[in-house]
Amino acid sequence: MYKVFVVDDEPIVLEGMRSKIDWESSGFTLAGEASDGEIALSMIQEIKPDILITDIKMPFMDGLTLSSSVKKIFPWIKIIILSGHDEFDYAKKAISIGIQDYILKPFTTQEILKGLNKAALEITNERKQLSDISTLRQELKSKEKLECRDFLNNLVHGSADFSKVMEISEKFNIHLISRYYKILIAKITSENTSEKSENQMQNILNSWISSWEEECTVSFLHHSNWIVCICKGSDTSVLEENVFRVAQSIEHIVKQQENWVLTVGIGCTTAHLSSLHESYDDAKKIIELSESSRENTIVSSDDIQLTGSGINEIKEKDPMVIRLRYAGKNDIEEIAEESVALVNSNPEQFSFFANYILADIIFAVSKLIENLGGNIKEVKPEIIQRSFIEEAVVNKDAFEKKLVEVLNFAIEYRDSKNSGKYGEVILKAKKYIEENYADPNTTLAKVADIVCLSPNHFSTIFSQQCKITFIEYLTNVRIENAKRLLKLSDKKGYDIAYECGFSDPHYFSYIFKKNTGLSPREYKGNN
């Protein structure tokens with residue numbers, strides 16, 4: 001299913017799109033809509049549709065400005081322009097931006113579906129082209145590309161001849177000059193380790209690199225499954241926005257593939273090309289520490305500062321401390337199985353090995369808590385008592401039970417501290433949403449500004465901390481309040497729509513039914 005986002009300031013057009021197209025059977029899904037370009041851009045950053053349908057003439061931000069911004073941020077999105085103005089200048093400008101289709105008003109449902117199918121075919125062909133292994137092989141054979149990759153590789157490792165950096169970058173048409181820099185490393189792994197799968201992955205990543213905008217990043221394929229991006233910004237806030245935009249774009253590509261897992265490490269900010277290696281080392285360390293993660297993860301060195309010296313605090317520590325620092329809940333079972341297997345391999349010395357392994361893990365947990373600013377004697381004193389281990393080594397069942405208890409505690413304590421860094425940010429954001437959900441202008445960009453983060457950084461933090469996107473959370477809050485009003489008041493559906501932040505009552509009905517399975521009228525009748 002291809003996700004479609006519609007923007008038009010005429011309610012009748014939005015209603016027609018919503019009700020006259022059989023979205024379920026068409027192969028498309030209506031992912032969202034907006035009445036002006038400014039609100040739409042914020043929503044598109046969160047939803048990341050495959051196809052955008054937008055009117056040209058709109059208040060605040062017109063369709064061409066919106067299309068230009070979308071193409072810069074998400075070059076893969078296909079755009080269909082709607083216009084009541086049959087003027088060559090509009091068409092010419094639309095084509096220069098990279099618009100896929102141009103439909104004149106008034107239009108029919110068949111014309112829209114024809115435009116959507118045309119865009120879908122382009123997407124399908126592009127994805128097929130991306131998976132064409134021969135394309136990658138031809139690109140990798142290019143001597144100039146290999147030389148360019150070697151140059152960038154030396155640059156991020158700090159081994160380049162910095163007296164010739166500008167000269168060489170000019171030779172390869174690479175724009176490196178900027179005020180600030182950050183290194184982003186994206187590592188993609190797949191459960192399918194076949195040669196064909198790995199080549200397909202390389203091809204998709206390589207094609208993404210060649211299409212990305214030079215203004216904000218310079219990227220290259222470092223290993224077979226590593227992308228390294230030199231992200232640039234005129235100031236630190238612009239740099240932060242750029243680096244998280246790149247991270248989210250790569251995540252979007254990875255989500256299109258089955259069984260792919262993304263880990264993104266973002267290094268520290270540096271003001272000099274000669275210091276890029278410091279940011280690279282930071283990002284690389286995050287990748288190494290996140291090896292056990294089985295979920296898509298985007299982590300910045302700014303986001304994981306621990307007590308004391310931050311990321312360096314656990315650089316040379318016990319491997320189990322490092323593993324626990326980035327393990328997920330699903331990794332507990334794996335660690336427990338490994339430990340039990342080791343004990344089972346020495347049945348004659350069960351008590352000795354069980355004692356040793358459990359003590360080692362308790363020690364690692366203790367160090368982890370210390371690194372997070374806690375004290376094991378205060379937060380979990382019972383596990384460091386001799387009696388705790390003695391009870392655990394009575395038999396295999398008791399050993400496994402105690403082991404899982406310790407590991408669960410470690411993960412829960414770590415997560416409570418990790419969310420602490422952005423706990424206040426999330427609480428502030430949720431509080432603002434609770435108080436302002438009725439305002440149609442409560443958008444991702446608006447709330448990001450309230451919590452003093454860039455929109456893309458805030459979007460990443462919110463979704464990783466809350467396990468739900470900002471748009472989904474905001475919609476849930478609005479729907480829950482609408483349900484409350486439908487139950488407890490005699491207000492009309494359109495009044496409730498406006499009170500809950502929906503600028504269009506018809507869209508409210510569509511979203512309400514999509515979320516609850518009932519129309520507002522049916523819901524009110526049932527209650």
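Side chains of I287 and W226 form a contact here, defined as non-hydrogen atoms less than 4.5 Å apart. In this structure, the side chains of I450 and F458 stay at 4.5 Å or more apart for every pair of heavy atoms. F172 places a side-chain heavy atom less than 4.5 Å from the side chain of E147. Inter-residue side-chain proximity for K232 and V218 is flagged as met; some heavy-atom pair is nearer than 4.5 Å. Looking at F470 and I433, their side chains come closer than 4.5 Å, going by heavy atoms from C-beta outward. In this structure the side chain of L14 never reaches within 4.5 angstrom of the side chain of Y507, judged on heavy atoms. Looking at K48 and K255, their side chains never come closer than 4.5 Å, going by heavy atoms from C-beta outward. With a 4.5 Å cut-off on side-chain heavy atoms, S459 and Q45 do not count as touching.
Put simply, the side chain of N154 never gets that close to the backbone of S159: no donor and acceptor are under 3.5 Å apart. Between the side chain of T124 and the backbone N or O of A120 there is at least one donor-acceptor pair closer than 3.5 Å. Side-chain atoms of D449 never come within 3.5 Å of backbone atoms of A445 as a donor-acceptor pair (strictly under, hydrogens ignored). Judged purely by atom type and a 3.5 angstrom limit, E251 has no side-chain atom pairing as donor or acceptor with the backbone of L262.
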Evaluation steps, side chain to side chain contact (heavy atoms under 4.5 Å, CB included), between S275 and Y181: CA-CA 9 Å; S275 303; Y181 307 90; over 6 Å; no

side-chain hydrogen bond (donor to acceptor under 3.5 Å, both in side chains) between S454 and E240, worked out: CA-CA 7 Å; S454 71; E240 180 184 84; 3.1 Å; yes

Residue pair T29, K514: steps toward the side chain to side chain contact (heavy atoms under 4.5 Å, CB included) verdict: CA-CA 11 Å; T29 179; K514 193 175 180 180; 4.1 Å; yes

CA sep, side-chain torsions, deciding dist, call: K431, E434, salt bridge (charged side-chain N to carboxylate O under 4.0 Å, His left out): CA-CA 5 Å; K431 185 173 185 292; E434 289 292 340; over 6 Å; no

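Environment of CD in E122: crowded, with over 12 heavy atoms of neighbouring residues, nucleotides or ligands closer than 6.0 Å.
Across all non-hydrogen atoms, the minimal contact from M61 to E38 is CB-N, 3.6 Å. Listed here is the closest heavy atom pair of G37 and L66: O-CD1, 3.6 Å.
Ring pair Y2/F28 is tilted by interplanar angle, where 30° to 60° counts as tilted.
With L474 as the fixed residue, the side chain to side chain contact (heavy atoms under 4.5 Å, CB included) test singles out one of L444, T442, V447, I479: T442.
L276 CG to K182 NZ: the interatomic distance, rounded to the nearest 0.5 Å, is 12.0 Å.
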